[in-house]
There are 4 protein chains.
Amino acid sequence: MLNHTELQLLTDAHVFDDMTDKQIKIYTAAIEVFAEKGYLNASTKEIAAKADVAEGNIFSKFTNKRGLLNAIIEPVAKSIFPETLSSFTDSEPIPKDLSLHEFVDSLVKDRMDFLEDNQDVLKIFISEMVYDDQVRQQYLSKFPDAYWHTINDNLNLLKATHKMVNWDNWEIMQIMWSLIGGMVISFIFFHIQPTDKAVNHAVAALVKALNPRL
Amino acid sequence: MLNHTELQLLTDAHVFDDMTDKQIKIYTAAIEVFAEKGYLNASTKEIAAKADVAEGNIFSKFTNKRGLLNAIIEPVAKSIFPETLSSFTDSEPIPKDLSLHEFVDSLVKDRMDFLEDNQDVLKIFISEMVYDDQVRQQYLSKFPDAYWHTINDNLNLLKATHKMVNWDNWEIMQIMWSLIGGMVISFIFFHIQPTDKAVNHAVAALVKALNPRL
Amino acid sequence: MLNHTELQLLTDAHVFDDMTDKQIKIYTAAIEVFAEKGYLNASTKEIAAKADVAEGNIFSKFTNKRGLLNAIIEPVAKSIFPETLSSFTDSEPIPKDLSLHEFVDSLVKDRMDFLEDNQDVLKIFISEMVYDDQVRQQYLSKFPDAYWHTINDNLNLLKATHKMVNWDNWEIMQIMWSLIGGMVISFIFFHIQPTDKAVNHAVAALVKALNPRL
Amino acid sequence: MLNHTELQLLTDAHVFDDMTDKQIKIYTAAIEVFAEKGYLNASTKEIAAKADVAEGNIFSKFTNKRGLLNAIIEPVAKSIFPETLSSFTDSEPIPKDLSLHEFVDSLVKDRMDFLEDNQDVLKIFISEMVYDDQVRQQYLSKFPDAYWHTINDNLNLLKATHKMVNWDNWEIMQIMWSLIGGMVISFIFFHIQPTDKAVNHAVAALVKALNPRL
DNA sequence: CATGAATGAGATTTCATTCAT
DNA sequence: GATGAATGAAATCTCATTCAT
């Protein structure tokens, strides 16, 4: 069973909004089965059984097994990067005096929360990104535009105010996301819970790594 | 086709030693197909066709489709971590006055070379680690003993001589391997070649991140 | 095609109760093919063809080729021994003054009727008992308890009233079942119909053989 | 491994006479494997392995897997019935004053000895007779001529001297062979050793059953 | 709409037999 | 002759998808 938080988040994202009860049952059952066995090893029969629904429903509601996968992946794909810094952009604009530590700390911890709340779906997303070139292409094309803008602004601001090392934004991003990704993968695939201490050390490491004065 | 370097490495590892010509053709064809489509999406029929060999041949040497996968994965799994610091331990022992920069630089660049030479097989290995819990268990159990010892010694030495921050070795390793992994994944799955500049920045980032005096 | 009587018996045993039309067609086709070629020489493809059904159907109902065999064998296995003397025990209890001739005659003729009605399935059952150790173990363990009790009572009664030779019940049973088995095998495998005269002589032989006064 | 007696008998029957060492190794290995797994479940690879011989030898020496089976079955098929009463016919002619008990006793015990000495080969023979219609036809046609003559003479003699019931010879034979067969099958397939007592009771049963004066 | 029986393409695997060495 | 790698037909089984009821 998906935990309450995970379901709540899906609800918040209005994923369920125009789904019937059966669709929701199929959808949540699929998340569990895909996460446990992987997309390719999961059978529509098993999903239908877990959803307590006739197999045919999957196809009338999601067209395809692949359509079901997409319905699951799409919301995560959208929120994995885009929402990242929304905390800064939407409600309150980026503060001019943003410190490097604040920036890194909020980014890392926000994503740790996201991880905690979306384990299963993230696992499915990562697995398919790794396994399927089509999925890779499909979701790669979605990131840049919206996200790049926001993050570039942030990084440029930090550089301009000499709070961050003057490397390519892409390199900086890779360094930041590598550390986040390392914790995500450790957690999802090797069940190593990121402790507060470890997260703080990762933040400290990033702050030092990106400090321009060293 | 596998590039020359990759084949050379397999030859060095005596992987081909008790294989006939056709078995080698199967083996290399399988690497290509598995890397391109993923293990589950690859069919033995396609592998046999690409190897220009009768399908039955696969099974007389490798028992199973899974046996073929293992034959491919095993050599990488063994060399992905263990050999890592062999440069220090085997020929020349760890120098007492090892600097943090030397340590990080050699570790990172050695693994970048390894990546360059084993793209396809690494891709297969990573994909299966991500996709298959069994593979995860199977290879997880192999790492620790031999590897942990070497790396712990190195980290402890650096800490003792106040050249490295005094965090848990596990945390330090996760930070280092996350950065390496980030570049590996960018390269393998998104075809982003790690430029010398990017690698050097990653090394610099790590050195700063782990510097105890900040 | 299975003859009418054979199908009737299966219907009576509610074998067909939760089967669709196509599944029944598979089941009866399988009996014919297994009986003709033996389980191992029969292919699911041929069974499906004879049933005029897609091959996959076999597996959705019967799981396995072996599952199909079991579905066929089980009903015979249950009725080959257990029901044997039910004529005496169920409707009318064993008469105290049961004569040896009555006992043997009813036993033999009842089994000859059973044979007539279940040729194909008996052939399959016997063939698998002979060919497959697993089947042997599987069905051996099912006989004793229910059956032994009934038959022992009968034999003990006949011995107590000095109507039957005082040998081990097991020996007596072996002698009786050998004669029955001989006719069964002659019929099933060599197409030698047991004539009334031959059956009567067999009964006479048994009665004399087991007569205590000789 | 075949026991000594069984090998001795094959030697006596000159089965090995024009076989090379390798052929003999294949032959005896095949008997073991066929007896254990059945002809269809035995693979030529396993036989070759057990014979410690390259697989190709099987085909150069016995043409076929089937040819190997035939080479094994043929000698038993010939001796299962034909030699039966050779004790009487060859060295010493049938005594005019042959008693029913002598006749039955010698027949039954001779076959019990035969059984003891040829378990594996008999098991193979019976299994294939039951499983394969071709084998059935092939060996059925061989019995009658030689054997019928001898046995008919014996039965007719006993009938003429009023020592045996006046039933069809075929019926008498079926009764005799059923009892023998019952013990053979119990032994071979259910590992129930025929004790002296059980054999004697079977003989007694037959003598009584065929006694004309009851 | 909902159901789940039916479909059949396709996947893995086995194995007797051949034949180059 | 001896070997065992190579063959490829055939077998069992899975499963997304369709569609009659």
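These values consider heavy atoms only, across backbone and side chains, with no hydrogens, waters or symmetry-generated copies. Chain naming here is simple, since letters A, B, ... match the order of the sequence lines and numbering starts at 1 in each.
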ask   = In which stems does DNA chain F show up, taking only runs of three or more Watson-Crick or G-U wobble pairs whose two distances fall under 3.5 Å?
value = E:2-21 with F:2-21

request  = Taking the side chain as every heavy atom from C-beta outward, state whether D:Glu74 and D:Tyr139 have any atom pair closer than 4.5 Å.
outcome  = yes

ask   = Is the backbone N or O of A:Ala35 less than 3.5 Å from a side-chain atom of A:Lys123, with the two atoms forming a donor-acceptor pair by type?
value = yes

Protein-nucleotides 13-16 of chain E N/O pairs under 3.5 Å:
from, atom 1, to, atom 2, distance (Å)
E:dT13, OP1, B:Asn64, OD1, 3.3
E:dT13, OP2, B:Lys65, N, 2.9
E:dA16, OP1, D:Ala42, O, 3.3
E:dA16, OP1, D:Lys65, NZ, 3.1
E:dA16, OP2, D:Thr44, N, 2.8
E:dA16, OP2, D:Thr44, OG1, 2.7

request  = Using a 4.0 Å heavy-atom cut-off across all strands, classify B:Lys61 as base, sugar-phosphate, or nothing.
outcome  = nothing

task = On DNA chain F, reading 5' to 3', which nucleotide is the first and which the last to sit with an atom under 4.0 Å from a heavy atom of chain C, could you check?
result = F:dA11 to F:dT14

task = Salt-bridge test for A:Arg136 and A:Asp133: reply yes if a basic N is under 4.0 Å from a carboxylate O, no otherwise.
result = yes

ask   = Is the shortest heavy-atom distance from the side chain of A:Leu69 to the side chain of A:Ile73 under 4.5 Å?
value = yes

ask   = Could C:Asp132 and D:Lys37 be called an ion pair, given the rule that one side-chain N must be under 4.0 Å from one carboxylate O?
value = no

message = Nearest whole Å is fine: how far is E:dC1 C1' from A:Lys25 NZ?
response = 15 Å

ask   = So with a 6.0 Å cut-off around CD of D:Gln137, is the heavy-atom count from everything else above 12?
value = yes

task = For side chain to side chain contact (heavy atoms under 4.5 Å, CB included), just list the numbers for B:Phe34 and B:Lys65, CA-CA rounded to whole Å, side-chain angles, deciding distance to a tenth of an Å, and then say yes or no.
result = CA-CA 11 Å; B:Phe34 285 162; B:Lys65 189 187 173 189; 4.3 Å; yes

query = Is there a donor-acceptor contact under 3.5 Å from the side chain of C:Tyr39 to the main chain of C:Arg66?
reply = yes

inquiry  = Would the distance check show the side chain of C:Gln23 and the main-chain N or O of C:Thr20 forming a donor-acceptor pair, the cut-off being under 3.5 Å?
reply    = yes

request  = Classify the side-chain pair C:Tyr131/D:Glu128 by whether it contains a donor and acceptor separated by less than 3.5 Å.
outcome  = yes

